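If you're wondering where the values come from, they're calculated on a predicted model, not measured in any experiment.
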Amino acid sequence: EGLMTSGDAAFFRISYPEAISLYEMALLSTPQDSRLLWRLARVYVCSAVVEEEETVRNPLLQRAEEYARRCIAADPSLPEGHTWLAAALGYIALDAGVGDQVRISQEILSETEHAIALDPADDAAYSIRGSFYRAVGNVGWLKRSLAALLIGEIPSGGFPEAEAALKTAISLAPDIMRHHYELGVLYI
C-alpha cells in the first residue's frame with residue numbers, strides 16, 4: 001500500500017518515471033495485484049502521450065497494453081483495466097496500418113463498453129469512447145466501403161456519438177481538461 005500510495009502521488013505530480021518505479025517495485029511483491037497493474041497501464045499511456053519520439057513512445061504503449069491485459073486477466077471485473085487497455089490501443093492504432101487499425105478499433109469499442117458496463121461513472125472510458133467516435137467520424141464513405149470490402153467493417157458511429165460520450169465524460173468529471181479539449185477538437 002505504501003509504494004502504491006507514493007506512486008499515486010508521483011503520478012499526480014506528473015512525475016511518471018518515479019511513479020513507474022514505485023508501482024513496479026510494489027508489483028515485485030504482489031505480481032497479480034490488479035490495482036497496481038491498471039495504474040501501470042495508465043502511467044505508461046500517459047508517459048507515451050507526452051513522448052515525442054516514436055521509437056520511445058511505441059515501447060511505452062506496448063508496456064501499457066501488456067499491463068492492462070494482465071490486469072484484466074487478474075480481475076476482469078475491474079473497469080480500469082478495460083479503460084486503460086482501450087487507451088493504450090487507441091494510441092497504438094495511431095501508428096498502425098489500416099488493417100490493424102480496423103482490428104484494433106473493434107477492441108477499443110469493446111473495451112470501453114466493458115468499462116462503462118462495470119462502472120457507468122468511468123469518465124475516462126467515456127472520453128476515450130468520444131475520441132474513438134471522433135476518429136471514426138473522420139472516415140469517409142469511400143474509405144469505409146473499401147475497408148469493409150478488403151479488411152473488415154469499421155464500427156459505426158461518428159460525430160454525434162463522440163459529442164454524447166464527451167459530454168458525459170465532462171458531466172462526470174468537469175475538472176478534467178482532456179474531456180473539454182477533446183470536445184473542442186470535435187467542434188473544430
Sequence neighbours excluded, every pair satisfying salt bridge (Lys or Arg N to Asp or Glu O under 4.0 Å) that has a member inside residues 15-25: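 Non-adjacent pairs meeting salt bridge (Lys or Arg N to Asp or Glu O under 4.0 Å): R13-E18, E24-R63.
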How about [X] and [Y]: do any of their side-chain heavy atoms sit closer than 4.5 Å?
X	Y	answer
D8	Y23	yes
Q62	E66	no
L172	H179	no

Might you point out which heavy atoms bring [X] and [Y] nearest each other, and give the distance in Å?
X	Y	result
A73	P76	O-CD, 4.4 Å
A93	I104	CB-CG2, 3.9 Å
T112	A125	CG2-O, 3.8 Å
A68	A41	N-CB, 3.7 Å
A88	E65	CB-N, 3.8 Å
I128	A86	CG2-CB, 4.1 Å

Do other residues, nucleotides or ligands put more than 12 heavy atoms under 6.0 Å from the CG atom of L94?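 Result for CG/L94: enclosed.
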So how far is it from [X] [atom1] to [Y] [atom2], rounded to the nearest 0.5 Å?
X	Y	atom1	atom2	result
R39	D33	CZ	CG	8.5 Å
M25	L36	CE	CG	11.5 Å
I176	S127	CD1	OG	9.0 Å
E107	L109	CD	CG	11.0 Å
R70	L85	CZ	CG	14.0 Å
L186	Y133	CG	OH	13.5 Å

Within the 6.0 Å centroid threshold, strictly below: F11 and Y16: yes
Side-chain heavy atoms under 4.5 angstrom apart, residues restricted to Ile, Leu, Val, Met, Phe, Trp, Tyr: same cluster for [X] and [Y]?
X	Y	value
V56	L40	yes
L166	Y181	no
I108	Y126	no
L27	I72	no
I14	M4	yes

Would you check if the side chain of R57 reaches a backbone N or O of E51 as a donor-acceptor pair within less than 3.5 Å?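 Checking the backbone N and O of E51 against the side chain of R57, a donor-acceptor pair under 3.5 Å is found.
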Say whether, by atom type as modelled, one donor and one acceptor occur between the side chain of S110 and the main chain of Q106 under 3.5 angstrom. no
Member of N58, V45, L60 meeting the side chain to side chain contact (heavy atoms under 4.5 Å, CB included) criterion with Y91: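 Single side chain to side chain contact (heavy atoms under 4.5 Å, CB included) partner of Y91 among N58, V45, L60: V45.
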Sequence neighbours excluded - ring-ring contact (aromatic ring centres under 6.0 Å, His included) pairs with any residue from residues 48-71: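 As it turns out, the ring-ring contact (aromatic ring centres under 6.0 Å, His included) pairs with a partner in residues 48-71, which skip direct neighbours, are Y44-Y67.
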Hey, are E113 and R129 close enough for a salt bridge, meaning a charged N less than 4.0 Å from a carboxylate O? yes
Would you please name every residue forming a ring-ring contact (aromatic ring centres under 6.0 Å, His included) with H82, sequence neighbours left out? H114
